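Each remark here refers to the structure printed beneath this line.
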Amino acid sequence: MPSVRFRLNGAETDIDADPDRPLLDILRGQLGMTGPHFGCGAGECGACNVIVDDRAVSACDTPLWSVTGKDVTTIEGLGTSERPHPLQRAFIAEQALQCGYCVSGILMSAAALLKRNPSPTSREVKEALDRNLCRCGSHNRIVRAVLRAAEEMAAG
Amino acid sequence: MNQQPAPSPSALPASLAANPKLSTWLKFSSDGKVAISPGKVEIGQGIVTALAQIAADELDIDLSRVQMIRASTAVSPNEGVTSGSLSIQQSGRALRHVCAEVRRIFLEQAAERLGIDIDALDIEDGTISGPGNVRTSYWELAQEVSLDRDATLSVTPKTVARRLLAGNSIPRIDIPDKVFARPRFIHDQALVGMLHGRVLRPENTRAKLVGLREDNVRAVVGLVAVVRDGSFAGVVAETEHAAEAALNALRKGATWSDGEPLPDEDDLASFLKAQPSESTVIGEKTAASPGTAARTIRRQYTRPYIAHASIAPSCAVAQWAGDRVHVWTHSQGVYLLRTDLALVLKLPVENITIEHMEGAGCYGHNAADDVALDAVLLAKSAGGRPVRVQWSRQGEMSDAPFGAAMVIEIEADLDERGEIIDWRHSIWSNGHAARPGRAAQPALLAAFELENPFPRIVSTNPPQANGGGGDRNSIPLYDFPSWHIGSHRLTTMPIRTSALRTLGGQGNVFAIESMLDEIAVERGEDPVAFRLRHLRDERAKDVIRAAALRAGWKPEKRPGIGHGVSFGRYKNTGAYCAAVAEIEGAEDISVRKLTLAVDVGEAINPDGVINQIEGGAIQATSWVLKERVRFDRRRITSTSWSEYPILRFSEVPEVEVEVIQRPDMDPVGAGEAAHGPVTAAIANAVFDALGVRVRDLPITRDRIIAAMELT
Ligand code: FES
Ligand code: FES
């Protein structure tokens, strides 16, 4: 089996696996990370989103080989309850979810957005999240939470 | 103390009457916590937090001491199913009484132990204290007090003014786990030695498996077993990846029969009306002095099949030990699922333990129960190891039950002044309920596929006393002098239907409120005033007035913008909700804003109520603008998110919600209150903007053009 090297949440990672397999498979399977969720397996819902270098991508249709040498961040690498990312704090403050299954992917899309655009308008937030589906209808709270996190980050 | 004579046992809340023992609901643990064990489950609606608030209030303990136990047939009270927006009514009432009684029992024990009059004692965060600095606590006394006794209802719960938590927007206790991605969903559970299973299902509806070559599958590395029983077939493998590979190989070796034909998706109304059906009179009212009809308006409304389309595919884990099986599931009813599993497995229910774990929002009876049976059947070949089975997106969109399509016909007789003097409402639809555990036959998909299959059950409707099914919300809340409401439930069911949020409520409110709007507009009467004039219930009028006021009813007319109003009371006995929709567009419309007012009685957690109403309003907007299960004559074709689109972030309207607090009224659920009113408000706004009535859902570009051509 060829081996693929990348950085996962900051740690050098070596994976022996068929390089054509989807990254999500590897993350949830071999690596036991349950943060990125399976929703459709076809790049259509965003439940599995992770950040590769600086871009949010759906891990279910990202082949393993394509992350060779790159930085992969999953929600596990975003923050912890001891050291939360401002987005995580904001999602709690705004109670920005119902079932929450979509949220780990949405947080990653939002984190990538705030990195490239630290003070987005609400329209820009909606655009950035447009490939993420939420069936519970938590959208407006989610947008508010992202804007709140942006404000908090700007305030330092 | 709030002592009252014990009421008759029939006054016990239903959940408590069925599970009277106090210890079923509540236990004090040695670490200063209180384990609260409801029979209702978290489905993203925040019920666990609201119930914790109620318990903490009645017991006088800090919320952080409450540990909410997940429902399990091993320990929990049997509260049937978590559905119908009844959890706060049923579980909440039961817990309030249980906790009040337990508090009293402990106070009596403390009074005796401390030798102090009970009225001189006080409880703060579980510590019981009295004059002279004497103190003890629930936990100190827990050894001396047995809660293995039946609730008597002899203690009246606290008055509203003395509740500290209920009525406040306490942050939900499940949210931190979800935001920090700590495993909480069943999908993320990893058990020692866990295997993965996948089930093979046909593309064509109800095709039978006539041949299965297994040679390719056997070559898959990591394969543990191939399972076949009639048309039920699946694989078990060491990893999820191997299970997927094995499933693909199995699919290649499968030969299927043609399956059973499906109706014409473009002519559902004719199909539904032509099917054999069982007719029921739902309601009749006769006028004291019937007026004379000057004319009759007759309109037909339709709604398509709608998918639950949970964001996560359904998932379950099962593990056998001898002839006992343990199941982890996101089913809405652990006991009901157990009943059906016992039927299929021909085992006593005691051999089956069902434990709830959270899944994604389900919005009704989706595939949660089906996949549990799949897991149980596959796990038989796993040598005692746990097997996790997850459906595919495609399976979730085609094999799970759908919300039933409906045709609704309303005829209104108007007198010469244009006043409604008679109202006739007829519904044709499949039944809206085929949940497990309710019939002598199982309702689980795999049960219909076995070599010795159980007959496919045809969905029925709950009785009106329980809110009805296809007929839910069909009896007008308005003061028309007479009416006749009839329901025709199909006795054939080519497309599998079961409970979807609101059951028939969305369709019926859409029809009634569209028709009313049409009559009001024709009379030249303001639709808000028209509704208020025909309502007697002040709570109903209040939500309409509140929504209208907040939306600035009626905003000035601007080109390309329309406003519509609507009202409903869920099940005619639950939450009141009024909606004002603002839409924009011509052929392609978008909903810009929804303004809602809602009255759920006592709102235990107002932000939780707002969250539910917002979510319901957005989901309803998605149903109205986009959703329709697609099929050809052989199979369901809307099997992915591109073929079954739902509302996206860029399309979501602004939603404003006003909660009218009624702390003295019994709390009712909020999860299904918004769908009907929002649906009709959007349709009425479309008319306001474009001058056309679209009576067939979803309101798409094609439907608007078709309606324009008719005008
Ligand atoms: S699971 Fe990857 S986009 Fe849906
Ligand atoms: S919160 Fe349930 S899908 Fe988004």
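Being a predicted model, the structure only gives us computed values, none of them experimental. Side chains included, hydrogens not; waters and symmetry mates left out as well; all remaining heavy atoms used. Chain A is the first sequence line, chain B the second, and so forth, proteins listed ahead of strands; every chain is numbered from 1.
In this structure, B/His187 NE2 and A/Thr34 OG1 are separated by 12.0 Å, a value rounded to the nearest 0.5 Å. Here the CD1-CZ distance, from A/Ile106 to B/Phe649, works out to 4.0 Å after rounding to the nearest 0.5 Å. The SG atom of A/Cys136 lies 10.5 Å from the CD1 atom of B/Ile618; values are rounded to the nearest 0.5 Å. One finds the CD atom of B/Gln619 at 4.5 Å from the CZ atom of A/Arg135 (value rounded to the nearest 0.5 Å). The CD atom of A/Glu76 sits 12.0 Å away from atom CZ of B/Arg182, with the distance rounded to the nearest 0.5 Å. Atom SG in A/Cys99 sits 11.0 Å away from atom NE2 in B/His330 (nearest 0.5 Å).
Chain A forms the most heavy-atom pairs under 4.5 Å with one residue out of B/Gly361, B/Pro653, B/Ser642, and that residue is B/Ser642. Most heavy-atom pairs under 4.5 Å with chain A: of the set B/Ala309, B/Ala190, B/Pro176, B/Gly46, this distinction falls to B/Ala309. The candidate from B/Ala312, B/Ala617, B/Ala620, B/Ser310 with the greatest count of non-hydrogen atom pairs under 4.5 Å with chain A is B/Ala312. The most heavy-atom pairs under 4.5 Å with chain A, out of B/Met397, B/Glu651, B/His308, come from B/His308. Interface remark: of the candidates A/Leu107, A/Asp130, A/Asn132, A/Val143, A/Asp130 forms the most heavy-atom pairs closer than 4.5 Å to chain B. For chain B, the option among A/Val125, A/Leu129, A/Ile142 with the highest count of heavy-atom pairs below 4.5 Å is A/Leu129.
For chain A, the nearby parts of B/Phe180 are the backbone and the side chain; heavy atoms of each come within less than 4.5 Å. For a residue to count as touching a neighbouring chain, one of its non-hydrogen atoms must lie under 4.5 Å from one of that chain's; by this rule B/Glu614 touches chain A with backbone and side chain alike. Within the 4.5 angstrom heavy-atom criterion, atoms from both the backbone and the side chain of A/Ser81 approach chain B. Both the backbone and the side chain of A/Ile92 come within less than 4.5 Å of a heavy atom in chain B. Contacts of B/Ser622 with chain A are made by side-chain atoms alone, with heavy-atom separations under 4.5 Å and no backbone atom involved. At a 4.5 Å heavy-atom cutoff, the contact between A/Ile75 and chain B is made by side-chain atoms alone. Using a 4.5 Å cut-off between heavy atoms, A/Arg21 contacts chain B through its side chain alone, with no backbone atom that close. For A/Arg123, no part lies near chain B; criterion is any non-hydrogen pair under 4.5 Å. Heavy atoms closer than 4.5 Å to chain A are found nowhere in B/Ile613, neither backbone nor side chain. Using a 4.5 Å cut-off between heavy atoms, A/Leu78 makes no contact with chain B at all. Contacts of B/His196 with chain A are absent, with no heavy-atom separation under 4.5 Å from either backbone or side chain. Of the two parts of A/Pro36, neither the backbone nor the side chain holds a non-hydrogen atom closer than 4.5 Å to a non-hydrogen atom of chain B.
The backbone N or O of A/Leu97 sits less than 3.5 Å from a side-chain atom of B/Arg172, completing a donor-acceptor pair. Looking only at distances, no side-chain donor or acceptor of B/Asp607 sits under 3.5 Å from a matching main-chain atom of A/Gln95. Side-chain N or O atoms of B/Arg648 include none that pairs as donor or acceptor with a backbone N or O of A/Cys134 at under 3.5 Å. The closest donor-acceptor contact from the side chain of B/Arg393 to the backbone of A/Gly41 lies at 3.5 Å or more, if one exists at all. A/Asp25 contributes no side-chain N or O that, together with a main-chain N or O of B/His241, makes up a donor-acceptor pair within less than 3.5 Å.
When only modelled atom types and interatomic distance are considered, A/His37 and B/Asp188 share a side-chain donor-acceptor pair under 3.5 Å. No side-chain N or O of B/Ser650 forms a donor-acceptor pair with one of A/Glu127 less than 3.5 Å apart.
Taking both residues in full, the closest heavy atoms of A/Lys126 and B/Val652 are given as NZ-O, 4.0 Å, listed atom of the first, atom of the second, then distance. Shortest non-hydrogen contact noted between A/Gln98 and B/Gly615 is NE2-CA, 3.3 Å. The minimum heavy-atom distance between B/Trp641 and A/Cys45, with the atom names listed, is NE1-CB, 3.8 Å.
Ion pairing between A/Arg144 and B/Glu654 fails under the 4.0 Å rule for side-chain N and carboxylate O.
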